[in-house]
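Below: one structure, written as structure tokens.
Residue numbers start from 1 in every chain, and the chains themselves are labelled A, B, ... in the order their sequence lines are given, proteins ahead of strands.
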Amino acid sequence: MTGTTFRARVLRVVAGIPPGRVVTYGDVATAAGRPRAARAVGNIMGSCSDSRIPCHRVVASGGQLGGYGGNVSLKRALLRAEGVLVVGTRIRQFADVRWTARLARRQRTR
DNA sequence: GCATTGACTAGGG
DNA sequence: GCCCTAGCCAATG
């Protein structure tokens, strides 16, 4: 995996997010190997045109919705459709819908 | 190869 | 709770 670019790793992580769950840009960056590249992740997301990449499950820190190419309303609708409780530009019960590889292992094993 | 941009984050007012 | 500032990173011109 030495030749894997940061971009590819980010897309890989986002593609692994299960329905009804969300992750912050910082979490994706960390999972990709660059804890400080949250901004870069956002840039990559804007370029992700693949339908297999659920970019709408990537949100900002603190449960903020973040952005969605200028159509935040659509992102809000998609998240709510998956069971995520969204109010205004924020996510309620963010800790309950937040997803990370480490948490996934915990809930999968138990 | 340098400068600008942008779906970010944390900290201070 | 909201607005502004500084810091960080990859992509693009």
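Inter-residue side-chain proximity for A:Val58 and A:Tyr25 is flagged as met; some heavy-atom pair is nearer than 4.5 Å.
Taking atom CZ on A:Arg90 and atom P on C:dG1, their separation rounds to 6 Å, with Å as the unit. To the nearest angstrom, P of B:dA10 lies 11 Å from CD of A:Gln64. Rounding to whole angstrom units, CG of residue A:Asp27 and P of B:dA10 are separated by 10 Å. Atom CE in A:Met45 sits roughly 14 Å away from atom P in C:dA10 (whole-Å rounding). A:Leu78 has its CG atom 14 Å from the C1' atom of B:dA7, to the nearest Å.
Here the side chain of A:Ala38 is nearest to one of C:dA10, B:dA7, B:dT9, namely B:dT9. The listed nucleotides are C:dC8, C:dT12, B:dA7; the one nearest the side chain of A:Lys75 is B:dA7. Each of C:dC8, C:dA11, C:dA10 was ranked by its minimum atom distance to the side chain of A:Arg7; first place goes to C:dA11. Distances were taken from every side-chain heavy atom of A:Ser61 (C-beta onward) to each of C:dA11, B:dA10, C:dA10; the shortest belongs to B:dA10. With C:dT12, C:dC9, B:dT5 as the candidates, the nucleotide lying closest to the side chain of A:Asn43 is B:dT5.
In this structure, the separation between CD1 on A:Ile91 and CZ on A:Arg98 is 10.5 Å, given to the nearest 0.5 Å. Distance check: A:Arg9 CZ to A:Ile44 CD1 gives 10.0 Å after rounding to the nearest 0.5 Å.
Considering only side-chain N and O atoms, A:Arg34 lies under 4.0 angstrom from the phosphate OP1 or OP2 of C:dA10.
You'll find a donor-acceptor pair under 3.5 Å spanning the side chain of A:Arg39 and the base of C:dG7, going by distance alone. Not a single donor-acceptor pair, N or O on each side, falls under 3.5 Å between the base of B:dA7 and the side chain of A:Tyr68.
Using a 4.0 Å heavy-atom distance criterion, A:Ala37 is classed as a sugar-phosphate-only contact. A:Tyr25 comes within 4.0 angstrom of a nucleotide base, judged by non-hydrogen atoms across all strands.
Between A:Arg21 and A:Glu82 there is no salt bridge, since no side-chain N of the basic residue sits under 4.0 Å from a carboxylate O of the acidic one.
Of the residues near DNA chain B, A:Ala40 and A:Gly62, the one whose nearest nucleotide (by heavy atom distance) lies more toward the 5' end is A:Ala40.
Judged purely by distance below 3.5 Å, without hydrogens or angles, the side chains of A:Asp27 and A:Thr30 never pair a donor atom with an acceptor atom.
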